[in-house]
Amino acid sequence: MAKHIGNNCHKSYIRGKNRRGNWLAVILLRVSRRDFGLCLTTLLVFCLGSVLWQLNGGPPQLLLHVRYYFGQSTFLDDHGPLVPRVLPFPSKVVYNRVGKCGSRTIVLLLRILAERNQFTLISSDIHNKTRLSKHEQMDLMINISTVPQPFLYTRHVHFLNFTRFRIDEPVYINIVRDPINRFLSNYFFRRFGDWRGEENHVVRTPGMKDDERYLDVNTCILESYPECSNPRLFYIIPYFCGQHPQCREPSLWALQKAKENVLEHYLLVGVLEELEDVLLLLERLLPHFFSDVLNIYKSPEYRKLGNMTGTVHKQTPSLKSLQVLYQRMKYEYDFYNFIKAQFHLTKWKFGLRTWPRSPRHHTSLHYREQQALEMTELTALNMS
């Protein structure tokens, strides 16, 4: 009987030992799965962190927090500071676009380029507030400066002097056109819109009465209506002169100030009559922003969109009206000719020899004389 009891005790001991062995195996198996999952998670985090590191030019903030949690690393002591993200130069561009100087064409291109070339585009919808108070200037410049770089900011606004307010200045670009052509485009656009739909003029000028909407342009000019006289005709120069009150009145001072600002603050001011050359120069001067812009501009898809921005129902004024306009816009033409000379000089430096197309809607005696003079001067320059 004692032997039987001893056998039972021995069997119980074996069963207990086996149970403990099974439990130990289960525990070890669970621990192994947990460790394996932890290893895979760590590897995944490391891979994602490495990718983010390379994309952003440095370690992501998450890894910095992890490093801080586990203790300060001596990486900086051993290897020096981390390389910051490389930005294109320049990385801040402002296009204070002049009204009816191809600005909608350029903005359409910029929307395509921003997505393709990976830069931030801010295109303001404010069209009728080009003159700002000192406080408004400061607020706008601060807002522009906080846009993620690289960025291109565009708005109808007169030149803003960032350095006056001790703010880092962006690079300026712009485009102008023949002043009379610009006036005519604006005159008829306000009344009849463009090819996107003639209802646009109703949206833009809802309070315009029919007698004003259908006013003959020759009557407006020859009878000196406000829209066809100064200071309303003094339009392009203030975009470059700036926010000073004297910039709003036709004067030699405003003209000279505009020229000084172009030379000191603008990377390029092109002329709409030579738009393809403007785009080519922008591509060379600002490749991060305008890379491949000329191919996009010439593509059939873009042409279909660009053709919708043309003003409709334009009329050509009489020769007498053109002469009156030219006399009233003498400062505008002085500035326009200055811009053309600077633009052609830049083209010559880059080896471009193309000639502008004739204006589509009028060719004044002044324009033909000026074009012939420029061709003579450039021909002499090439021969020297």
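Residue numbers count from 1 along this sequence. This structure is a prediction, so every number in the text was calculated from the model and none was measured.
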Open item on the list: Aromatic contact between Phe289 and Phe119, with the criterion being ring centroids under 6.0 Å apart: yes or no?
Closed with: yes
- [ ] Give the C-alpha distance, both sets of side-chain angles, the deciding distance and a yes or no for side-chain contact (heavy atoms from CB on, under 4.5 Å) between Ile173 and Tyr266.
- [x] CA-CA 6 Å; Ile173 59 172; Tyr266 282 80; 5.6 Å; no
Open item on the list: Given 3.5 Å as the limit, does a donor-acceptor pair link the side chain of Thr146 with the main chain of Asn143, or not?
Closed with: yes
Open item on the list: Please verify the inter-ring angle class for His156 with Tyr239; under 30° counts as parallel, over 60° as perpendicular, anything in between as tilted.
Closed with: perpendicular
Task: CG/Asp168: more than 12 non-hydrogen atoms of other groups inside 6.0 Å - done: no
Open item on the list: Is there a side-chain contact between Phe159 and Cys247 in this structure, where contact means two heavy atoms from C-beta onward sitting under 4.5 Å apart?
Closed with: no
- [ ] Could you tell me the separation between the NZ atom of Lys298 and the CG atom of Leu279, rounded to the nearest 0.5 Å?
- [x] 9.5 Å
- [ ] Ignoring hydrogens and angles, tell me if any N or O in the side chain of Glu332 forms a donor-acceptor pair with the backbone of Pro179 under 3.5 Å.
- [x] no
- [ ] Give a yes or no answer on whether the side chain of Ser185 reaches the backbone of Asn181 with a donor-acceptor pair at less than 3.5 Å.
- [x] no
Open item on the list: Return the CD1 to CD distance between Ile237 and Glu249, rounded to the nearest 0.5 Å.
Closed with: 12.0 Å
Open item on the list: Taking the ring centre of each residue, are Tyr187 and Phe192 less than 6.0 Å apart?
Closed with: no
Task: Spatial distance of atom CG (Asn230) from atom CE (Met329) [nearest 0.5 Å] - done: 8.0 Å
TODO: Could you check Val262, Val269, Leu255 and say which one makes a side chain to side chain contact (heavy atoms under 4.5 Å, CB included) with Phe338?
DONE: Val262
Open item on the list: Side chains of Arg97 and Arg104, heavy atoms from C-beta outward: is any pair under 4.5 Å?
Closed with: no
Open item on the list: Within the structure provided, determine whether Glu276 and Leu294 are in side-chain contact (heavy-atom separation under 4.5 Å).
Closed with: yes
Open item on the list: Membership question, hydrophobic clusters at under 4.5 Å side-chain separation (ILVMFWY): are Val278 and Leu108 in the same one?
Closed with: yes
Task: Heavy-atom donor-acceptor pair, Gln243 side chain to Thr130 backbone, under 3.5 Å - done: yes
- [ ] Considering only NZ, NE, NH1 and NH2 on the basic side and carboxylate oxygens on the acidic side, decide whether Lys92 and Glu169 come within less than 4.0 Å.
- [x] no
Task: Side-chain heavy-atom pair Met138, Ile142 within 4.5 angstrom cut-off - done: yes
Open item on the list: Can a donor-acceptor pair be found, under 3.5 Å and without considering hydrogens, that links the side chain of Thr163 to the backbone of Arg166?
Closed with: no
Task: salt bridge (charged side-chain N to carboxylate O under 4.0 Å, His left out) evaluation trace for Arg190 with Glu227 - done: CA-CA 11 Å; Arg190 290 183 66 246; Glu227 185 177 0; 2.9 Å; yes
Open item on the list: Counting C-beta onward and ignoring hydrogens, is there a side-chain heavy-atom pair between Asn96 and Leu160 closer than 4.5 Å?
Closed with: no
- [ ] For Tyr302 and Asn295, test the side chains for any donor-to-acceptor distance below 3.5 angstrom and give the result as yes or no.
- [x] no
Task: Cation-pi check, Lys100 onto Phe189 ring (under 6.0 Å, within 45° of axis) - done: yes
TODO: Tell me yes or no: between the side chains of Ser224 and Arg328, is some donor less than 3.5 Å from an acceptor?
DONE: yes
TODO: With rounding to the nearest 0.5 Å, note down the distance linking CD in Gln246 to CH2 in Trp253.
DONE: 5.0 Å
Task: Shared hydrophobic cluster for Leu140 and Phe165 (ILVMFWY, side-chain gaps under 4.5 Å) - done: yes
Task: Validation row: Leu282, Leu268 side chains within 4.5 angstrom (heavy atoms) - done: yes
- [ ] Give the minimum heavy-atom separation between Leu113 and Ser291, together with the two atoms involved.
- [x] CD2-O, 3.5 Å
TODO: Consider only side-chain heavy atoms of I, L, V, M, F, W and Y, link residues closer than 4.5 Å, and tell whether Ile296 and Leu121 are in one cluster.
DONE: yes
Open item on the list: With a 6.0 Å cut-off on the ring centroids, do Tyr333 and Tyr326 count as close?
Closed with: yes
Open item on the list: Phe290 and side chain to side chain contact (heavy atoms under 4.5 Å, CB included): which single residue from Leu281, Leu152, Leu280 fits?
Closed with: Leu152
TODO: Look up atom NZ in Lys259 and atom SG in Cys241, then write down how far apart they are to the nearest 0.5 Å.
DONE: 12.5 Å
Task: Linked, directly or transitively: Ile126 and Leu110 (ILVMFWY side chains, under 4.5 Å) - done: no
Open item on the list: Tell me if a side-chain donor or acceptor on His127 pairs with a main-chain N or O of Asp125 at a distance below 3.5 Å.
Closed with: yes
Task: Partner of Ser321 by side-chain hydrogen bond (donor to acceptor under 3.5 Å, both in side chains), out of Thr219, Thr316, Asn218 - done: Asn218
Task: Nearest non-hydrogen partners of Cys220 and Leu215, listed with the distance - done: CB-CD2, 3.8 Å
Open item on the list: Hydrophobic clusters here meaning ILVMFWY residues chained together by side-chain heavy-atom distances under 4.5 Å, can you tell me if Phe151 and Ile122 are in one?
Closed with: yes
Open item on the list: Please find the pair of heavy atoms, one from Arg155 and one from Leu132, that lie closest to each other, and give the distance.
Closed with: NH2-CD2, 3.7 Å
Task: Ring centre gap for Tyr172 and Tyr95 strictly below 6.0 Å - done: no
Open item on the list: Show the nearest heavy-atom pair for residues Pro170 and Val94, with the distance to one decimal.
Closed with: CG-CG2, 3.4 Å
- [ ] Verify, without hydrogens or angle tests, whether Asp334 (side chain) and Lys330 (backbone) share a donor-acceptor contact under 3.5 angstrom.
- [x] no
Task: Side-chain donor/acceptor of Arg213 to backbone N/O of Arg191, under 3.5 Å - done: yes
Open item on the list: Closer than 4.0 angstrom, basic N to acidic O: yes or no for Glu274 and Lys340?
Closed with: no
Task: Spatial distance of atom CG (Leu233) from atom CZ (Arg182) [nearest 0.5 Å] - done: 8.5 Å
Task: Minimum-distance pair of heavy atoms, taken over all atoms of Tyr153 and Ser124 - done: OH-CB, 3.9 Å
- [ ] Please confirm whether the backbone N or O of Val157 pairs with a side-chain atom of Arg131, one donor and one acceptor, at under 3.5 Å?
- [x] no
Open item on the list: For Glu273 versus Tyr336, what's the shortest heavy-atom pair and its separation?
Closed with: OE1-OH, 2.9 Å
TODO: Answer whether the closest heavy-atom distance between the side chains of Cys228 and Phe183 falls below 4.5 Å.
DONE: yes
Task: Sub-4.5 Å side-chain heavy-atom contact between Pro231 and Arg248 - done: no
